[in-house]
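Reviewing the structure listed below.
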Amino acid sequence: MRANRVLVLNSGSSSVKYQLLDMRDASRLAVGLVERIGEETSRLVHTPLTGGGKRERIGSIADHSAALKALAEELTQDGLGLDSPELAAIGHRVVHGGLKFTAPTVITDEVLAEIERLIPVAPLHNPANITGIRTAQALRPDLPQVAVFDTAFHTTMPESAARYAIDVETADAHRIRRYGFHGTSHAYVSRQTAALLGKDPSEVNVIVLHLGNGASASAVAGGRCVDTSMGLTPLEGLVMGTRSGDIDPAVTFHLKRVAGMSADDIDELLNKKSGLLGLCGDNDMREIRRRIDEGDERARLAFEIYIHRLKKYIGAYYAVLGRVDAIAFTAGVGENAAPVREAAIAGLEELGMTLDPELNAERSDRARIISAASARVAVAVVPTDEEMEIARQTFALVAPEGE
Ligand code: AMP
């Protein structure tokens, strides 16, 4: 029997998100989440999609190994156990692949060692990803494990976009450059946008706006990323739920010298207490819209700052690409918040972008065009699906077509 299933694992420091997919028809067999790992109140939520309802476990799950065992038990209960010969591989989301990993990679000891070497540039993410990989290897040592890197799609960026204008020796000694993140989403959404236009990805130039709690923009020319808004870390670029995005780097020395803050304090301020949260006390766009409707001025200003930054990136990437065929909104905010799309595109008619208000207001979970029929640039809403993309890339590597 040909093995057709892929388990996708997205391991965070205290959580594991997972999906089991059948690659014959790209269908989901089960999805779930283990959160608050290491606490007394750990929670596992498991939803089989082959029948039967959602199940929940609350109670201490001590570590990632226990989390993986617990999710494996849930899958076994659905007849989808990880010991099944139908499981072809496990695909892992790995946040930072540096410059070395430009494509999905079967994990060997050397690959794992290289992901470890990248910890200094991804201190929050790579250690959790490594723990997830080691745990999964212990569970099924015989099975191919594949790393799919968030940075890989952006490795095609030219040096002119990837380098910071700082001393080259210092930059190279410490691997300081723009890597970009959310690459799996940007790859998937730019390809789906081309499909929505009935074109091959090589024929179209697309600006992708991934607007979730984290947010990033990318300029994709003929299927290849030529610029993206996140940099050495996910802090650069757009205003996000809790991250500042672009900021004068001198703000950091100023905070150190004048406010006596440490590097860790400033890191926490800019990554966790800034963005929409810092500006108005809320990072959920639904709540911000509700407050604006009630006349809340701080929420309105936070929204305006968010939109202003977004517009700047649309304009910048228009200039970088020279010709834009489509602009795609994706992730939690991009897929759901019609007022964000409306405000971001408003006033860009001279760039060929005009929304159809009715299409923009429509609620749907399908990929769709929301621009006016007369507009030169197609504006699209394209739901992202990072797990499906990780599964697709994993399966393509371990079970190439025609084998
Ligand atoms: P993500 O990181 O892609 O899961 O996106 C999460 C964010 O999407 C949340 O913080 C919300 O701000 C936003 N979001 C989700 N649903 C909606 C909605 N219906 N309207 C506006 N924003 C939404």
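Just follow the structure's listing: the first ligand is 1, and inside any ligand the first atom is 1. Here the structure is a predicted model, which is why all the values come from computation and not from measurement.
Around atom CD of Glu294, more than 12 heavy atoms belonging to other residues, nucleotides or ligands sit under 6.0 Å away.
Nearest protein neighbour of atom 19 (N) of ligand 1, counting heavy atoms only, is Asn336 CB, 3.3 Å. The protein heavy-atom contact nearest to atom 10 (O) of ligand 1 is Asn283 O, 3.9 Å. At the top of the distance list for atom 22 (N) of ligand 1, counting protein heavy atoms only, stands Met285 CB, 3.5 Å. In terms of protein heavy atoms, atom 3 (O) of ligand 1 is closest to Gly332 N, 2.9 Å.
Close contacts between ligand 1 and Ala337 involve ligand atoms 21 (C) [criterion: under 4.0 Å to a heavy atom]. Near Val333, with a cut-off below 4.0 Å to any heavy atom, the atoms of ligand 1 are 8 (O), 12 (O), 13 (C). Each of the atoms 1 (P), 2 (O), 3 (O), 5 (O) of ligand 1 lies under 4.0 Å from some heavy atom of Gly212. Contact atoms of ligand 1 toward Ala331: 3 (O) (distance under 4.0 Å to a heavy atom of the residue). Heavy-atom contacts of Arg363 reach the following atoms of ligand 1: 19 (N) (cutoff under 4.0 Å). Set against the non-hydrogen atoms of Asp284, the atoms of ligand 1 under 4.0 Å away are 11 (C), 12 (O).
Atom 20 (N) of ligand 1 has its nearest heavy-atom neighbour, among Glu287, Arg286, Glu335, in Arg286.
The closest donor-acceptor contact from the side chain of Arg376 to the backbone of Met353 lies at 3.5 Å or more, if one exists at all. A distance-only check finds no donor-acceptor pair linking the side chain of Asp63 to the backbone of Gly38 [under 3.5 Å]. The closest donor-acceptor contact from the side chain of Thr330 to the backbone of Val381 lies at 3.5 Å or more, if one exists at all. A donor-acceptor pair under 3.5 Å links the side-chain atoms of Lys311 to the main chain of Ala346, judged by distance alone.
Checked against a 6.0 Å centroid threshold, the rings of Phe181 and His96 count as neighbours.
For residues 76-85, the set of pairs meeting the side chain to side chain donor-acceptor pair (under 3.5 Å) definition, not counting sequence neighbours, comprises His46-Asp78, Arg55-Asp78.
In terms of polar-atom proximity, defined here as any N/O pair under 3.5 Å, Asn213 does make such a contact with ligand 1.
Not counting sequence neighbours, the partners of Glu159 by the salt bridge (Lys or Arg N to Asp or Glu O under 4.0 Å) test are Arg163, Arg177.
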